[in-house]
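Order of listing sets the numbers, starting from 1, for every ligand and every atom in it.
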Amino acid sequence: MEGRIFGKPMITQEEMRKRIQELGLRIAQDYQEKDLLMIGVLKGAFVFFSDLARAVPLPLHVDFLVVSSYGEKKKSSGAVKVISDTTQNLKGKDVLVVEDIVDSGLTLTFLKKKLMARKPNSLRFCTLLDKPQRRKTEVTIDYVGFTIPNKYVVGYGLDYENKYRNLPYIAVLENVREDA
Ligand code: IMP
Ligand code: MG
């Protein structure tokens, strides 16, 4: 990919495919008798979300919201902002929020509070990647694809300065300082 050369993937396309199938079947079992609404958190979750939704053999609803996260650099501003909101009524729905990565946990905590106020029947969280070493707040994640070490990763929807989201696997971005 232009700009940077990525070495060995941290998580390959094949590993991703297998894990997402497993998650999809687990979610389908858990939501069999429910009215599932999957909400993708953009932009980062767009690739994972489309794979996961297709791996859940249930007649589910989909919706999206766009949140601001790290801006152009990797450093979090701390404050999470909703740039574009969901369009569907959450009341009575069984909502599953789909994230690309949980890092500090601030986004998840913010979304939990915001979405709970809309009185869903239930609210759970699913993330492709979990970076538990950088947590600033305690969070519960119901479905985790992969737990990864404290490295800055790109691909599969995840970006660095808005690039590399289309890389079809997860790679570590080397030689870039990790902000504390
Ligand atoms: P939070 O710190 O848990 O609130 O995560 C905020 C957001 O930071 C995530 O949704 C990602 O968009 C972004 N982020 C955190 N770690 C990484 C990474 O390693 N690569 C790319 N984006 C990341
Ligand atoms: Mg994100």
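Judged purely by distance below 3.5 Å, without hydrogens or angles, the side chains of Tyr143 and Arg26 never pair a donor atom with an acceptor atom. With 3.5 Å as the limit, one finds a donor-acceptor pair spanning the side chains of Asp63 and Thr87.
Using a 4.0 angstrom heavy-atom cutoff, Gly105 counts as in contact with ligand 1. Not close to ligand 1: Val154, with no non-hydrogen atom less than 4.0 angstrom away.
Comparing Asn150, Ile170, Asp100 by heavy-atom distance to atom 10 (O) of ligand 1, the nearest is Asp100.
Ring-centre distance between Phe64 and Phe49: below the 6.0 Å cut-off.
Atoms of ligand 1 lying under 4.0 Å from at least one heavy atom of Glu99, given by number and element, are 10 (O). Numbered from 1 in the order shown, with element, the atoms of ligand 1 that lie under 4.0 Å from a heavy atom of Lys131 read 16 (N), 17 (C), 18 (C), 19 (O). Distances below 4.0 Å separate heavy atoms of Thr107 from the following atoms of ligand 1: 1 (P), 4 (O), 5 (O), 6 (C). Counting the atoms of ligand 1 from 1 in the order shown, those under 4.0 Å from a heavy atom of Asp159 are 21 (C). The atoms of ligand 1 that sit less than 4.0 Å from any heavy atom of Lys151 are 19 (O). Short contacts between ligand 1 and Ser104, defined as distances under 4.0 Å to a heavy atom of the residue, involve ligand atoms 1 (P), 2 (O), 3 (O), 4 (O).
No side-chain donor-acceptor contact under 3.5 Å links Arg17 to the backbone of Gln13.
Ligand 1 has no N or O atom lying under 3.5 Å from any N or O atom of Val102, backbone or side chain.
Listed by first and then second residue, the salt bridge (charged side-chain N to carboxylate O under 4.0 Å, His left out) pairs involving residues 83-97 are Asp85-Arg118 (not counting sequence neighbours). A salt bridge (charged side-chain N to carboxylate O under 4.0 Å, His left out) check over residues 31-40, counting only residues at least two apart or in different chains, returns nothing.
For the pair Asp130 and Arg135, the salt-bridge criterion is met [side-chain N within less than 4.0 Å of a carboxylate O].
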